[in-house]
A.B. asks: 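I have a structure here, written as structure tokens, and I will follow up with some questions on it.
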Amino acid sequence: QVQLVESGGGLAQAGGSLRLSCAASGLTFSRYRMGWFRQAPGKERNFVAGISHDGSSTAYADSVEGRFTISRDNTKATVYLQMNSLRPEDTAVYSCVADLRYFRSWSWRDSNYWGQGTQVTVSS
């Protein structure tokens, strides 16, 4: 049974930092590219960041470029999202995905596996 379990969410002040983790089990982690999506209340779920299966390539949404960093440790089957210079508009539920579609656009719906999410709240 595949599981993606996020952790590290919580409350942060504007300008602060948080580090999210997504621990995977039940799959060959190194085969999957991994991504982070977020959904704010009443809004659509959007792509935040993605990393290739071997960590050699990353992608970011314009809104987080330069503030967030995605990384992975294949020996620990874990992907991370370091979030710096947080803003109130970063408040959302953050969820990770595992995706075998190496050369396709990031898509929540078309990913192979999904985590339950972790809440991030940024106060002004």
Side-chain angles (χ1 to χ4, degrees):
Q1 180 182 359
V2 174
Q3 284 191 310
L4 300 179
V5 180
E6 300 93 340
S7 62
L11 179 64
Q13 290 190 331
S17 298
L18 285 173
R19 188 195 196 204
L20 305 184
S21 299
C22 170
S25 59
L27 76 169
T28 305
F29 183 75
S30 60
R31 291 184 58 203
Y32 289 81
R33 65 177 187 169
M34 300 296 294
W36 287 95
F37 285 76
R38 68 184 181 186
Q39 186 170 27
K43 295 189 177 181
E44 292 184 349
R45 184 180 284 110
N46 291 321
F47 170 76
V48 176
I51 188 166
S52 59
H53 69 290
D54 61 358
S56 63
S57 176
T58 58
Y60 297 93
D62 289 345
S63 59
V64 306
E65 181 84 55
R67 300 189 297 122
F68 291 10
T69 303
I70 189 171
S71 61
R72 66 188 295 160
D73 185 340
N74 284 354
T75 66
K76 297 181 179 179
T78 301
V79 61
Y80 306 97
L81 186 67
Q82 178 67 45
M83 305 187 296
N84 298 331
S85 301
L86 284 164
R87 304 167 180 170
E89 54 263 39
D90 295 319
T91 295
V93 175
Y94 285 71
S95 303
C96 64
V97 300
D99 186 354
L100 277 174
R101 304 168 311 117
Y102 286 12
F103 302 110
R104 304 296 294 274
S105 297
W106 287 95
S107 165
W108 171 267
R109 181 190 64 187
D110 294 332
S111 295
N112 296 92
Y113 301 105
W114 306 265
Q116 291 297 314
T118 185
Q119 176 69 48
V120 171
T121 302
V122 183
S123 63
S124 57

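This is a predicted model, so every value here is computed, not measured.
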A.B. asks: Could you tell me which non-hydrogen atom of Trp106 sits nearest to which non-hydrogen atom of Val97, and how far apart they are?
C.D. replies: CZ3-CG2, 4.2 Å
A.B. asks: Look at the aromatic rings of Trp108 and Trp114 and report parallel, tilted or perpendicular, splitting at 30° and 60°.
C.D. replies: tilted
A.B. asks: Quick one: do Phe37 and Val122 end up in the same hydrophobic cluster if we chain Ile, Leu, Val, Met, Phe, Trp and Tyr together by side-chain heavy atoms under 4.5 Å apart?
C.D. replies: no
A.B. asks: CG/Asn112 to CZ/Arg101 distance, rounded to the nearest 0.5 angstrom?
C.D. replies: 7.5 Å
A.B. asks: Check side chain to side chain contact (heavy atoms under 4.5 Å, CB included) between Ser56 and all other residues, then give those that pass, not counting sequence neighbours.
C.D. replies: Ser52, Asp54
A.B. asks: Could you grab the distance from atom CZ of Phe68 to atom CG of Leu18, nearest 0.5 Å is fine?
C.D. replies: 9.0 Å
A.B. asks: Please tabulate, for the side chains in residues 3-13, all donor-acceptor contacts under 3.5 angstrom to protein atoms that are two or more places apart in sequence or on a different chain.
C.D. replies:
residue	atom	partner	partner atom	Å
Glu6	OE1	Gln116	N	3.2
Glu6	OE1	Gly117	N	2.9
Glu6	OE2	Cys96	N	2.9
Glu6	OE2	Gly117	N	3.3

A.B. asks: Once rounded to the nearest 0.5 Å, what's the spacing between atom CD1 of Ile70 and atom CD1 of Ile51?
C.D. replies: 5.5 Å
A.B. asks: Show which side-chain atoms of residues 77-86 pair as donor or acceptor with protein atoms under 3.5 Å away, not counting sequence neighbours.
C.D. replies:
residue	atom	partner	partner atom	Å
Thr78	OG1	Lys76	O	2.9
Gln82	NE2	Asn84	OD1	2.9
Asn84	OD1	Ser17	OG	2.9

A.B. asks: Measure the spacing between OG of Ser57 and OH of Tyr102 and express it to the nearest 0.5 Å.
C.D. replies: 12.5 Å
A.B. asks: Looking only at non-hydrogen atoms, find the nearest pair between Pro88 and Ser124 and report the distance.
C.D. replies: CG-CB, 3.8 Å
A.B. asks: Any side chain to side chain donor-acceptor pair (under 3.5 Å) involving residues 86-98? Give me the pairs, sequence neighbours left out, ordered by first then second residue.
C.D. replies: Arg38-Asp90, Arg38-Tyr94, Arg67-Asp90
A.B. asks: To check you understand the geometry: which heavy-atom pair defines the closest contact between Tyr60 and Ala49, and what is its length?
C.D. replies: CD2-CB, 3.6 Å
A.B. asks: Per the side chain to side chain donor-acceptor pair (under 3.5 Å) rule, what does the pair list look like for residues 23-37, sequence neighbours excluded?
C.D. replies: Arg33-Asp99
A.B. asks: Just jot down the side-chain hydrogen bond (donor to acceptor under 3.5 Å, both in side chains) partners of Thr58, sequence neighbours excluded, or say none.
C.D. replies: none
